[in-house]
Amino acid sequence: MTQEAAEHIAATLRDARTEKGWTQGQLAAAMGTSQSAVARMEQGKQNLSLKMIQRLETIFGRSIVNVGRPQMTHLRIEGGRTLSGAVDVNSSKNAGVALLCASLINRGTTVLRRLARIEEVNRIVEVLTSIGVECTWLNDTDLQLRRPAELNLAAMDVDAARRTRSVLMLLGPLLDESAEYLLPYAGGCDLGTRSVEPHMQALRQFGLSVEATAGFYTVQAPKPDTQDRSFVLSERGDTVTENAIMAAAHRAGTTVIRNASPNYMVQDLCFYLEMLGVRIDGVGTTTLKITGQPFIDADIEYFPSEDPIEAMSLITAGIVTNSEVTIRRVPIEFMEIELATLEQMGQQLEVSGEYMARNGRTRLVDVTTKPSELRAPEDKIHPMPFPGLNIDNLPFFAVIAANAHGQTMIHDWVYENRAIYLTELNKLGGQVQLLDPHRIYVNGPTKWRAAEVGCPPALRPAACLLLAMLAARGVSELRNIYVIERGYEDLAERLNAIGAKVEYFQD
């Protein structure tokens, strides 16, 4: 980048920030960088990557570099390469988002260490910053959060809130924050109708009133009480459970939640709240007993545990390229069914001894994939609530099954649209037959071929296309990858570290 171009970008950036009414600190929080880095950008002294420019353009909704191109980022993949080496699993996207929301319960300072630097986290940080939370990146991975005495809920960044479904998880921590406020409708992946009613059913147990209006939920706080309460969740959903836990954590009295999800992100949330002084009995089971603390003021730091979905993504990369790759820091408690299913299909795996995650609670292992001859499983592959096969790991079995001899049925009974997106694998040579909105047949083995494919509007099917392209000889293009960046931090760079050849580009 020439000095003239850098100075032009600097001036445009200063103007855009001023028009938005932000300080350099607020922009830094939205970008996931430091205030000093923003200052260097506005002085023309900071080199900006393509991804950073795109992030700025997304934040401001305008062009930062006016070269007459669309504001979409794509991937170019040179497939058919054998991978090798080792790669670490990053911290959990879903746990990180829940912990960001839960930080509102704490009047002290929360430092989240090694937080996933993904677009979903950026959106929640933008929302928190807009309502007055001080969000400061201490370095590339550690985020410090401190809320004010009173949050300015009327100033919530509506655009950021509508770009993530995770905004629903503000309902629990904001239970009695304000007598009445508006929360924008949630967005996120297009996976069909995922009702918010289970969230409402859970939070009504605390007296919260939520009414859907034009584009917003009108939220009315419950009256204060100190009563004990016990209820069953109609759906054992992860985010529903998290919302109920966060509401109970700062509500006086004891709350018993039955049919609770014991999944990885729920456990991470419980570990964090326990550090805040909230007593939680039954972590890792479907019955939680929570003794709330109406006022919490603690200075703590917490390490979110590793992401089992990213672990499965990286394991899949090794399998579909028929490579020997070691995936380190795999949270084995949340991967046991997946690994057992792979072994039943003939996949050879080496699993190390267990060691502890940085949070001191989650058990980790290293998993090495070996070149293997795969066969279709005798039974269908389907997800179940933890400790079953994770719903978000199910799509990766479509890519794996395409490499296996025989026919595999995959039953995605939770989402009514996601199985449809997996038929996009046919553009790369797959033989995927859609039976109905929930079930597909995958026939293999597949001779993958390079192609240009647009990302579907769902995170895991989009990642599946990228993984299949790793196996396809020739050069493929995966276009408009924002949905992947919602859930993965620098996935292309990390695949390149084990021998892939993936590069970003824009038109």
Side-chain angles (χ1 to χ4, degrees), residues 12-33 38 41 51-66 70-73 93 96-98 100-101 103-104 116-135 137 143 145 147-148 151-171 173-174 177-178 181-191 194 196 199 210 212-219 239 455 457-459 462 480-487 506:
T12 305
L13 181 57
R14 288 194 302 270
D15 292 343
R17 179 177 61 79
T18 302
E19 289 175 11
K20 202 171 180 71
W22 277 6
T23 65
Q24 288 182 343
Q26 288 174 308
L27 177 56
M31 293 177 63
T33 189
V38 170
M41 292 176 198
K51 288 180 68 178
M52 186 65 76
I53 291 172
Q54 185 202 22
R55 181 173 294 174
L56 286 167
E57 291 177 337
T58 300
I59 289 170
F60 292 119
R62 58 182 286 186
S63 177
I64 299 298
V65 181
N66 186 15
Q71 298 178 20
M72 292 188 294
T73 300
K93 157 191 174 284
V97 167
L100 286 171
C101 296
S103 71
L104 294 174
R117 297 291 296 271
I118 55 174
E119 290 303 309
E120 190 84 348
V121 165
N122 291 336
R123 297 293 81 77
I124 294 297
V125 170
E126 288 172 16
V127 171
L128 295 181
T129 300
S130 69
I131 61 177
V133 179
E134 294 179 12
C135 301
W137 288 97
L143 180 64
L145 303 114
R147 56 158 291 163
L151 297 169
N152 185 4
L153 299 180
M156 185 176 294
D157 186 330
V158 174
D159 290 338
R162 284 184 172 155
R163 295 181 69 184
T164 169
R165 182 175 170 81
S166 303
V167 72
L168 277 175
M169 285 197 292
L170 293 176
L171 290 171
L174 295 178
E177 182 70 32
S178 177
Y181 67 95
L182 297 177
L183 186 69
Y185 283 169
C189 291
D190 180 6
L191 296 172
R194 292 191 292 175
V196 300
H199 290 264
V210 181
T213 55
F216 291 87
Y217 302 106
T218 300
V219 185
T239 56
C455 264
L459 171 58
N480 191 11
I481 61 164
Y482 177 80
V483 68
I484 291 179
E485 295 188 322
R486 281 188 53 236
Q506 289 185 317

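Atom set for the values below is all heavy atoms of this structure, side chains included, hydrogens, waters and symmetry mates excluded.
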Checking Thr129 now: which residues fulfil side-chain hydrogen bond (donor to acceptor under 3.5 Å, both in side chains) with it, not counting sequence neighbours? none
Return the set of residues passing side-chain hydrogen bond (donor to acceptor under 3.5 Å, both in side chains) with Asn122 (not counting sequence neighbours), or none when no residue passes.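 Testing Asn122 for side-chain hydrogen bond (donor to acceptor under 3.5 Å, both in side chains), a comparison that skips the adjacent residues, returns Glu119.
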What is the distance from atom [atom1] of [X] to atom [atom2] of [Y], rounded to the nearest 0.5 Å?
{"X": "Leu145", "Y": "Ser103", "atom1": "CG", "atom2": "OG", "value": "4.5 Å"}
{"X": "Met41", "Y": "Thr12", "atom1": "CE", "atom2": "OG1", "value": "14.0 Å"}
{"X": "Ile131", "Y": "Tyr181", "atom1": "CD1", "atom2": "OH", "value": "9.0 Å"}
{"X": "Ser178", "Y": "Leu151", "atom1": "OG", "atom2": "CG", "value": "9.5 Å"}
{"X": "Met156", "Y": "Leu174", "atom1": "CE", "atom2": "CG", "value": "6.5 Å"}
{"X": "Ile481", "Y": "Met72", "atom1": "CD1", "atom2": "CE", "value": "11.5 Å"}

Kindly give the heavy-atom pair with the smallest separation between Gly487 and Ile118, and that separation in Å. C-CG2, 3.8 Å
Nearest heavy-atom contact between Ala161 and Pro184 is CB-CG, 3.7 Å
Answer yes or no: is there a side-chain heavy-atom contact under 4.5 Å between [X] and [Y]?
{"X": "Val483", "Y": "Pro457", "answer": "no"}
{"X": "Leu183", "Y": "Val210", "answer": "no"}
{"X": "Leu128", "Y": "Leu104", "answer": "yes"}
{"X": "Val219", "Y": "Leu182", "answer": "no"}
{"X": "Val121", "Y": "Lys93", "answer": "no"}
{"X": "Arg147", "Y": "Glu177", "answer": "yes"}

Residue list, ring pair (Phe, Tyr, Trp, His ring centres under 6.0 Å) with Phe216, at least two apart or on another chain: none
Would you find a donor on one side and an acceptor on the other, under 3.5 Å apart, between the side chain of Arg123 and the backbone of Val167? no
Please assess Leu168 against Thr239 for the test side-chain contact (heavy atoms from CB on, under 4.5 Å), listing each intermediate value before the final yes or no. CA-CA 8 Å; Leu168 277 175; Thr239 56; over 6 Å; no
